[in-house]
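The residues of the chain are indexed from 1 along the displayed sequence. Read the numbers this way: they start at 1 and go in the same order the structure lists the ligands and their atoms.
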Amino acid sequence: MGQDCKRMDQICQAIKKQTDFRPELGLILGSGLGDFAEQIQAETVLPYSTLEGFPQSTAPGHKGRFIFAHISGVPCVLMQGRVHYYEGYPMSDVVLPVRVMAELGVGHLLLTNAAGGVNPAYKVGDFMLITDQIASLVPSPLIGPNDEQLGPRFPDMTEAYDFDMRQCVLKAAARCGLSLQNGIYLQTTGPQFETPAEIRLYRCMGADAVGMSTACEVIAARHRGVKVAGISCITNMAAGLSDQPLSSDDVNETARLVGGDFSRLLRAIVAELSELIKGRNI
Ligand code: HPA
């Protein structure tokens with residue numbers, strides 16, 4: 001067993017000692033988008049700091065804890081806060097939480113993030129359903145010896161974002177009366193925001209939104225066979241697309257302003273996903 005697998009196993013054992021909750025759906029709440037977790041009936045809360053060997057998030061707007069709760073009858077594990085590559089962790093640490101969730105039983109994962117709008121048709125406060133991703137600018141979390149226990153050496157990424165899960169997100173948005181953008185998410189390492197020249201390049205590459213997370217987690221999830229969907233909250237227009245300088249305070253402020261709609265959307269998505277997830281268990 002490789003080092004990453006060993007650490008994943010140890011963390012899973014530590015979690016299982018503290019709760020017998022077995023989650024089937026994972027939700028990662030991005031920067032400033034953690035409010036949803038405050039509104040649900042938590043059954044168990046585990047701060048990352050109580051788990052030895054678990055990477056600790058230092059980013060602003062990230063609480064750093066697992067919350068276990070049933071939402072619409074679905075056993076869920078929520079991550080209120082994640083770690084980022086720019087914090088200095090190796091990619092294998094950045095994706096460790098995703099691997100832990102998969103090991104706990106999560107077969108479907110909904111990732112959320114705050115992102116800059118690269119598509120000039122987008123507006124601050126829009127939500128974007130991620131249809132595909134560009135992860136070529138960050139190191140792959142799968143570099144190094146492959147652990148066959150986790151997944152294949154060369155995983156397919158043709159439909160990284162699951163079609164059926166995306167249909168659930170679209171239905172949920174319609175039910176909430178919210179319109180969604182559909183677009184491609186590009187991950188950078190950060191932590192600096194991009195230059196206008198970089199944003200023009202990313203637009204040429206096909207990106208609609210840019211951020212500092214998610215794509216690497218999706219790679220680890222797909223490696224493991226976990227199905228994923230992703231939503232970006234467009235907290236700002238990317239560099240050069242507005243005359244405002246960028247700041248993480250503004251990112252968190254927009255995320256906070258749209259938090260109510262975002263929570264409503266997440267709740268509706270989980271309700272839609274419940275049928276899909278039950279189907280898996282039949
Ligand atoms: N760039 C990168 N990451 C981000 C941005 C951005 O403009 N906004 C929120 N996260």
Examine the proximity of ligand 1 to Thr235 and report which part, side chain or backbone, both or neither, has a heavy atom under 4.0 Å away. side chain
Would the distance check show the side chain of Tyr185 and the main-chain N or O of Gly230 forming a donor-acceptor pair, the cut-off being under 3.5 Å? no
Between Phe66 and Phe68, how do the two ring planes meet: parallel, tilted or perpendicular, split at 30° and 60°? tilted
Where is the nearest protein heavy atom to atom 4 (C) of ligand 1: which residue, which atom, and how far? Val210 O, 3.7 Å
Taking atom types as modelled, find out whether Asp249 and Ser247 have a side-chain donor-acceptor pair closer than 3.5 angstrom. no
Where does Asn236 meet ligand 1, judged by heavy-atom distances below 4.0 Å: at the side chain, the backbone, both, or neither? side chain
Ligand 1 and Thr188, any nitrogen or oxygen pair closer than 3.5 angstrom? no
Tell me: protein heavy atom nearest atom 5 (C) of ligand 1, and distance? Gly116 N, 3.4 Å
Below 4.0 angstrom from a heavy atom of Met212, which ligand 1 atoms are there? Numbered from 1 as shown, please. 2 (C), 3 (N)
What's the spacing between Gln181 CD and Thr131 OG1 if we round to 0.5 Å? 11.5 Å
Check this for me, if you would: do Arg264 and Asp261 make a salt bridge, where the nitrogen-to-carboxylate-oxygen distance has to be below 4.0 angstrom? yes
Look at the side-chain heavy atoms of Ile, Leu, Val, Met, Phe, Trp and Tyr, link any pair under 4.5 Å apart, and say whether Leu46 and Met101 land in one connected group. yes
Among protein heavy atoms, which sits nearest to atom 3 (N) of ligand 1, and what does the distance come to when rounded to 0.1 Å? Gly211 CA, 3.4 Å
Please report which non-hydrogen protein atom sits nearest to atom 10 (N) of ligand 1, along with the residue it belongs to and the distance in Å to one decimal place. Ala114 O, 3.3 Å
Which residue from Glu194, Glu198, Met237 reaches closest to atom 1 (N) of ligand 1 through any of its heavy atoms? Glu194
Counting only heavy atoms, which portion of Ala115 has something under 4.0 Å from ligand 1: side chain, backbone, both, or neither? backbone
Between Phe262 and Phe127, is the ring centre distance below 6.0 Å? yes
